[in-house]
K.L.:
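Sending over a structure as C-alpha cells; questions will come in a sec.
As the structure is a prediction and not an experimental result, all values here were calculated from the model. In each ligand, atom 1 is the first atom listed, and ligand 1 is the first ligand listed.
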Amino acid sequence: MALGGLFSTDMAIDLGTANTLVYVKGKGVILNEPSVVAYHVKDGQKKVLAVGEDAKLMLGRTPGSIQAIRPMREGVIADFDVAEAMIKEFINKVHRRGFLSKPRIIVCVPHGATPVEKRAIRDSVLKAGASRAGLIAEPIAAAIGAGMPITDPTGNMVVDIGGGTTEVAVLSLGDIVYASSVRVGGDRMDDAIVSYLRRQHNLLIGESTAERIKTTIGTARMPDDGRGQSMQIRGRDLLNGVPKETEINQAQVAEALAEPVQQICEAVMTALEATPPDLAADIVDRGVMLTGGGALLGELDLALREQTGLAISVADESLNCVAMGTGKALEYEKQLRHVIEFDN
Ligand SMILES: Nc1ncnc2c1ncn2[C@@H]1O[C@H](COP(=O)(O)OP(=O)(O)OP(=O)(O)O)[C@@H](O)[C@H]1O
Ligand SMILES: [Mg+2]
C-alpha cells in the first residue's frame with residue numbers, strides 16, 4: 001500500500017525552559033519554538049489558544065481572561081497539564097508535516113532531575129502519543145551535539161547555558177564523571193537587567209525587553225572604552241508612572257549581568273576542582289565547550305577564560321546542540337544505547 005510519503009518514525013525532543021526542539025530521525029531538527037502556551041480559562045477548564053511562537057508574542061500582553069505561561073521551569077515540568085498540551089501540539093505539528101504516529105520519543109532531562117520529575121516527563125510524552133519514551137541526560141546530549149569525543153577515555157567538559165539552568169558536566173568513556181546544575185541561565189540574566197534598570201534608573205521594563213537588550217548588546221565584560229555600544233529602550237518611569245524612552249549602553253548591561261556571569265564562572269571552577277586529577281588535566285589541555293543559548297552572550301567565552309584560565313569554545317549552532325545530540329543518540333542507538341533509558 002502506498003503511504004504517500006507518510007511514515008512513522010522516532011523523534012528526539014529537547015524540552016527546554018525557553019525553547020522546545022523536535023528532531024525527527026533521518027531528517028534532523030524540524031521544529032524549534034518557544035516553550036510557551038497561551039490558554040483561556042472558562043468554567044475552570046483550560047482551553048489552549050496558541051503554543052510556541054504565537055503564544056510567546058502574547059507573554060506579558062494578555063487580558064485577564066487569557067494566560068500565557070511557560071510550563072517548564074529550570075528544565076523540568078512546572079505545570080503538568082499545560083506542558084502535556086504543549087508537547088501534544090508540537091508533536092501534532094510535526095505530524096502535519098507528514099510524519100505519522102506513534103513514534104518512539106527520546107527526551108533529554110537535566111542531570112539533577114528527580115525520579116518524580118523524570119516520571120512526569122515520561123508520562124507527558126506517553127500521553128501526548130508516544131509508543132515508548134526514552135530519557136537521556138542533557139549534558140551527554142549537549143556534548144554529543146557539540147561534536148565532542150565523549151566515548152574516548154579522556155576528560156571532556158561541557159557547559160550548557162539554557163534559559164533556566166547552567167549544567168556543567170565532565171564526561172569520559174561515554175558517561176558522566178561529574179555534573180552539577182545551577183539555577184542561573186538566560187532567565188536570570190533577563191531578571192538582572194530588569195532589576196538593574198529599576199534600581200539605577202527608576203525604569204520598569206518587561207522581560208521581553210530585557211531579553212532583547214541582552215541579545216542585542218548584552219556582554220559579559222566591561223567594554224574597553226568604558227561604554228561600548230548603546231541602544232534605545234522604552235519602559236515606565238517609576239517616579240511619575242509615564243512611559244519613558246532612554247538609552248542603555250554595554251557598560252551598564254555588563255554591570256547588570258556581573259552576578260549571573262560570576263555564578264557561571266564559579267560553577268565551572270567548582271566542577272574542575274571536583275574532577276579527578278587526570279581528567280582535570282585533560283580539560284586544561286582540551287578546554288571547555290559551551291552550548292545552549294546563553295553561550296551566545298557577548299564575550300562570555302572571554303570572561304570565562306579570564307576568570308578560569310581555561311580555553312573556552314562556543315559550539316557551532318549552540319542553541320541546537322542538545323536537540324542534535326539527542327537526535328544523534330537515536331541515529332546511533334546501537335553504539336549509544338547505554339546513554340538512553342527506556343521505560344520498557
Ligand atoms: N545572542 C544571545 N545572547 C544571550 N543570550 C541569548 C542569545 N540568544 C539566545 N539567548 C538566550 O538563551 C536562552 C535560551 O537558550 P536555550 O534554548 O538553550 O534554553 P533552553 O534549552 O530552553 O533552557 P534549559 O536548558 O535551561 O531548559 C534564552 O534565555 C535566550 O534569551
Ligand atoms: Mg536546554
Side-chain angles (χ1 to χ4, degrees), residues 12-23 29 31-36 52-53 56 59 70-78 83 86-87 90 107-113 117 121 136-146 158-169 179-194 206-221 229 231 250 253-254 256-257 260-261 264 267 289-304 314-326:
I13 303 183
D14 170 10
L15 196 55
T17 305
N19 300 298
T20 297
L21 285 76
V22 179
Y23 179 111
V29 174
L31 181 136
N32 178 355
E33 301 220 26
S35 307
V36 185
E53 216 63 73
K56 189 177 184 185
L59 270 182
R70 295 169 47 186
M72 307 295 297
R73 281 285 154 195
E74 283 147 11
V76 296
I77 295 178
M86 180 178 84
I87 297 168
F90 285 148
V107 191
C108 51
V109 288
H111 174 74
E117 289 165 341
I121 290 185
I136 178 172
E138 214 159 341
I140 297 184
I144 297 173
V158 64
V159 181
D160 181 55
I161 308 169
T165 55
T166 293
E167 302 223 335
V168 183
S180 76
S181 173
V182 288
R183 296 181 170 198
V184 178
D187 290 342
R188 189 62 75 76
M189 296 180 196
D190 299 346
D191 291 347
I193 295 174
V194 172
E207 274 172 34
S208 41
T209 302
E211 186 180 25
R212 202 156 45 79
I213 295 170
K214 176 186 70 179
T215 55
T216 313
I217 60 165
T219 176
R221 268 172 95 244
Q229 295 167 39
M231 70 184 274
Q250 285 185 305
V253 183
L257 296 180
V261 168
I264 294 171
M289 183 69 82
L290 306 186
T291 64
L296 299 173
L297 178 69
E299 308 225 291
L300 180 63
D301 49 345
L302 266 181
L304 272 169
V314 177
D316 291 341
E317 295 191 62
S318 71
L319 275 159
N320 286 3
C321 280
V322 169
M324 296 287 293
T326 312

K.L.:
May I ask you to decide if C108's main-chain N or O and E138's side chain share a donor-acceptor pair within less than 3.5 Å?
P.N.:
no

K.L.:
Checking the N or O distance criterion of under 3.5 Å, is ligand 1 in contact with G164?
P.N.:
yes

K.L.:
Which atoms of ligand 1 have any heavy atom of G186 under 4.0 Å away?
P.N.:
29 (O)

K.L.:
Which ligand 1 atoms are under 4.0 Å away from a heavy-atom of G294?
P.N.:
12 (O)

K.L.:
If you count every heavy atom of other residues, nucleotides or ligands that lies below 6.0 Å from E53 atom CD, does the total exceed 12?
P.N.:
yes

K.L.:
Please could you name the atoms of ligand 1 that T165 approaches to less than 4.0 Å, counting only its heavy atoms?
P.N.:
26 (O)

K.L.:
For ligand 1, find out whether one of its N or O atoms is nearer than 3.5 Å to an N or O atom of G163.
P.N.:
yes

K.L.:
Quick one: which ligand 1 atoms are inside 4.0 Å of a heavy atom on G292?
P.N.:
18 (O)

K.L.:
Using a cut-off of 6.0 Å, state whether more than 12 heavy atoms not belonging to D316 lie near its atom CG.
P.N.:
no

K.L.:
Decide whether an N or O pair under 3.5 Å exists between D190 and ligand 1.
P.N.:
no

K.L.:
Is there a nitrogen or oxygen of G293 sitting under 3.5 Å from a nitrogen or oxygen of ligand 1?
P.N.:
yes

K.L.:
Give the atoms of ligand 1, by number and element, whose distance to some non-hydrogen atom of L319 is under 4.0 Å.
P.N.:
15 (O), 16 (P), 17 (O)

K.L.:
Please round to the nearest 0.5 Å and tell me the distance separating atom CE of M86 and atom CE of M72.
P.N.:
6.5 Å

K.L.:
Using a 4.0 Å cutoff against the non-hydrogen atoms of G162, which atoms of ligand 1 qualify?
P.N.:
18 (O), 19 (O), 23 (O), 24 (P), 25 (O), 26 (O)

K.L.:
Could you list the atoms of ligand 1 found under 4.0 angstrom from a heavy atom of G16?
P.N.:
20 (P), 21 (O), 22 (O), 27 (O)

